[in-house]
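Shown next, in structure tokens, is the structure this report addresses.
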Protein chains: 2
Amino acid sequence: MRRDIFQAIADPTRRAIITLIALQAMTPNAIADNFNTTRQSVSKHLRILTECEIVKQEQQGREIYYSLQVQKMKEIDIWLEQFRKIWESRFNQLDTVLSTIKKQKK
Amino acid sequence: MRRDIFQAIADPTRRAIITLIALQAMTPNAIADNFNTTRQSVSKHLRILTECEIVKQEQQGREIYYSLQVQKMKEIDIWLEQFRKIWESRFNQLDTVLSTIKKQKK
DNA sequence: CATTTAAGAAACCATTCGGTTGCAAATATA
DNA sequence: TATATTTGCAACCGAATGGTTTCTTAAATG
């Protein structure tokens, strides 16, 4: 099964999990408490995030703490870079203005 | 069918299409020439991208030119913002160093 | 030592996804 | 006008996805 970070962040629950554990590590049960879904479902999401190395585990007794490997998020940033150059250019700002005028005329 | 930009960029072909038409508008046939897939398959991807307003159409005779609405890419950037703050912090750089040392010990 | 709790793994199911094939509509060309 | 080209749309198919249920393992608790 080929997975990458773009597929990983496609699911809204996974994005929410990422945000949730960005600042502090959490156990699957604690994470699941934040969603209207079962623990097993969250566990599956965590497995996918772990496979993509977006998340890392840390066993502590019978509990497993999951935390974000934030540097992995940079991969998205790197892909975005090519578009950032475009949207920051003056030409594109002009284009936006023109399309806004077009809309107002309609 | 609920779609958002994160689902749209999950597919590698769609990401390639986005990059391809980022700088110049192209017709479906011209786009399809760049991939090992059928025109109809590309057409489906374009429909999804259009639904998400990542791409806009411009009819010209019987041809339809597709181009990127680059400002839509900012939505990804906005989501990334929360993590950028974390990965740019000194604390996290230190964390990375520590985990690297950990790996070397193993 | 028996019970409870935390968590992963496997099996199953309905839905979605990406792709192909075939067809229809609209425009260009001879 | 007849033909070719460009494109979108609908139907279909196999694979993947997200979720639930059930089961097992391992650690904590009484």
Side-chain angles (χ1 to χ4, degrees), chain A residues 1-21 24-69 72 76 79, chain B residues 1-21 24-69 72 76 79:
Chain A
M1 217 166 299
R2 181 158 302 177
R3 285 199 204 286
D4 60 40
I5 193 165
F6 292 100
Q7 217 191 337
I9 64 164
D11 184 85
T13 304
R14 281 199 290 271
R15 284 201 302 281
I17 290 174
I18 290 172
T19 300
L20 195 61
I21 64 174
Q24 57 167 5
M26 290 175 76
T27 64
N29 265 325
I31 295 168
D33 284 344
N34 292 274
F35 301 101
N36 291 328
T37 184
T38 58
R39 178 192 60 80
Q40 280 85 345
S41 158
V42 169
S43 198
K44 267 191 160 187
H45 286 307
L46 286 171
R47 195 164 64 89
I48 290 168
L49 292 171
T50 306
E51 281 171 11
C52 296
E53 298 179 310
I54 296 167
V55 143
K56 69 168 190 278
Q57 309 178 6
E58 207 150 326
Q59 189 106 20
Q60 204 163 313
R62 69 181 162 183
E63 291 178 331
I64 299 175
Y65 282 86
Y66 285 86
S67 60
L68 180 64
Q69 296 217 268
K72 199 75 184 176
I76 306 164
W79 184 73
Chain B
M1 215 166 297
R2 181 158 301 176
R3 286 199 205 285
D4 61 41
I5 193 164
F6 292 100
Q7 218 191 335
I9 63 164
D11 183 84
T13 303
R14 282 199 290 271
R15 284 202 302 282
I17 290 174
I18 289 172
T19 300
L20 196 61
I21 64 174
Q24 57 167 5
M26 290 175 76
T27 65
N29 266 326
I31 294 168
D33 283 345
N34 292 273
F35 301 100
N36 292 326
T37 184
T38 58
R39 179 192 60 79
Q40 280 87 344
S41 158
V42 169
S43 198
K44 265 191 163 188
H45 286 306
L46 286 171
R47 195 163 65 89
I48 290 168
L49 292 171
T50 305
E51 279 171 11
C52 296
E53 299 180 310
I54 295 167
V55 144
K56 68 167 188 277
Q57 310 178 7
E58 206 150 327
Q59 189 106 20
Q60 204 162 315
R62 69 182 162 185
E63 291 178 329
I64 299 174
Y65 282 85
Y66 285 86
S67 60
L68 181 63
Q69 297 217 267
K72 200 75 184 177
I76 306 164
W79 185 73

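So you know, we letter chains A, B, ... as the sequences are listed, proteins then strands, and number each from 1.
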Check the distance between dA26(C)'s P and Ile64(B)'s CD1 and give it to me in whole angstrom.
12 Å
Strictly distance-based, threshold 3.5 Å: is any side-chain N or O of Gln60(A) a donor or acceptor partner for the main-chain N or O of Arg62(A)?
no
Provide, to the nearest angstrom, the distance between the CD atom belonging to Glu58(B) and the C1' atom belonging to dT7(D).
16 Å
Which residue pairs pass the salt bridge (Lys or Arg N to Asp or Glu O under 4.0 Å) test when at least one of the two sits in residues 5-20 of chain B, sequence neighbours left out?
Asp4(A)-Arg15(B)
Sugar-phosphate atoms are those with a prime plus P, OP1 and OP2; base atoms are the rest. Using that split, label each nucleotide of nucleotides 24-30 of chain D B, S or - for protein heavy atoms under 4.0 Å, 5' to 3'.
---BS--
Can you confirm whether more than 12 heavy atoms, excluding those of Gln24(A), are under 6.0 Å from its CD atom?
no
Would one find a side-chain N or O of His45(A) under 4.0 angstrom from OP1 or OP2 of dG19(D)?
yes
Quick one: is Ser41(B) getting a side-chain N or O under 4.0 Å of the dG18(C) phosphate, OP1 or OP2?
no
Just the table, please: protein N/O against nucleotides 9-14 of chain C N/O, every pair under 3.5 Å.
none

When the distance from CZ of Phe6(A) to P of dT17(D) is rounded to whole Å, what number comes out?
17 Å
Assign each of Arg14(A) and Gln57(B) the nucleotide of DNA chain D bearing its closest heavy atom; nearer the 5' end lies the nucleotide of Gln57(B)
To the nearest 10 degrees, the angle between the two end axes of the helix from dC1(C)-dG30(D) to dA30(C)-dT1(D) (five pairs per end) comes to 10°
Rounded to the nearest Å, what distance is computed from the CD1 atom of residue Ile17(A) to the C1' atom of nucleotide dG19(D)?
13 Å
Answer whether the closest heavy-atom distance between the side chains of Tyr66(A) and Thr27(A) falls below 4.5 Å.
no
I want to check something: taking the side chain as every heavy atom from C-beta on, are Ser67(B) and Val55(B) in contact at a cut-off of under 4.5 Å?
no
Residue whose closest nucleotide on DNA chain C lies nearer the 5' end, Ile48(B) versus Leu46(A)
Leu46(A)
Sort and list the pairs that fulfil side-chain hydrogen bond (donor to acceptor under 3.5 Å, both in side chains) and have at least one residue in residues 32-42 of chain A, not counting sequence neighbours.
Thr37(A)-Ser41(A)
Value in whole Å for how far the P atom of dG8(C) lies from CD of Glu51(A)
12 Å
In Å and rounded to the nearest 0.5 Å, what is the CZ to SG distance from Arg3(A) to Cys52(A)?
6.5 Å
Closest non-hydrogen atom pair between Ile64(A) and Gln57(A), with its separation:
CG2-CB, 3.8 Å
Contact list please: residues 24-37 of chain B against DNA chain C, heavy atoms, distance less than 4.0 Å, in numerical order.
Thr37(B)
When rounded to whole Å, the CG to P distance for the pair Leu49(A) and dG18(D) reads 10 Å
Give a yes or no on whether the backbone of Ile9(A) and the side-chain of Gln7(A) come within a donor-acceptor separation of less than 3.5 Å.
no
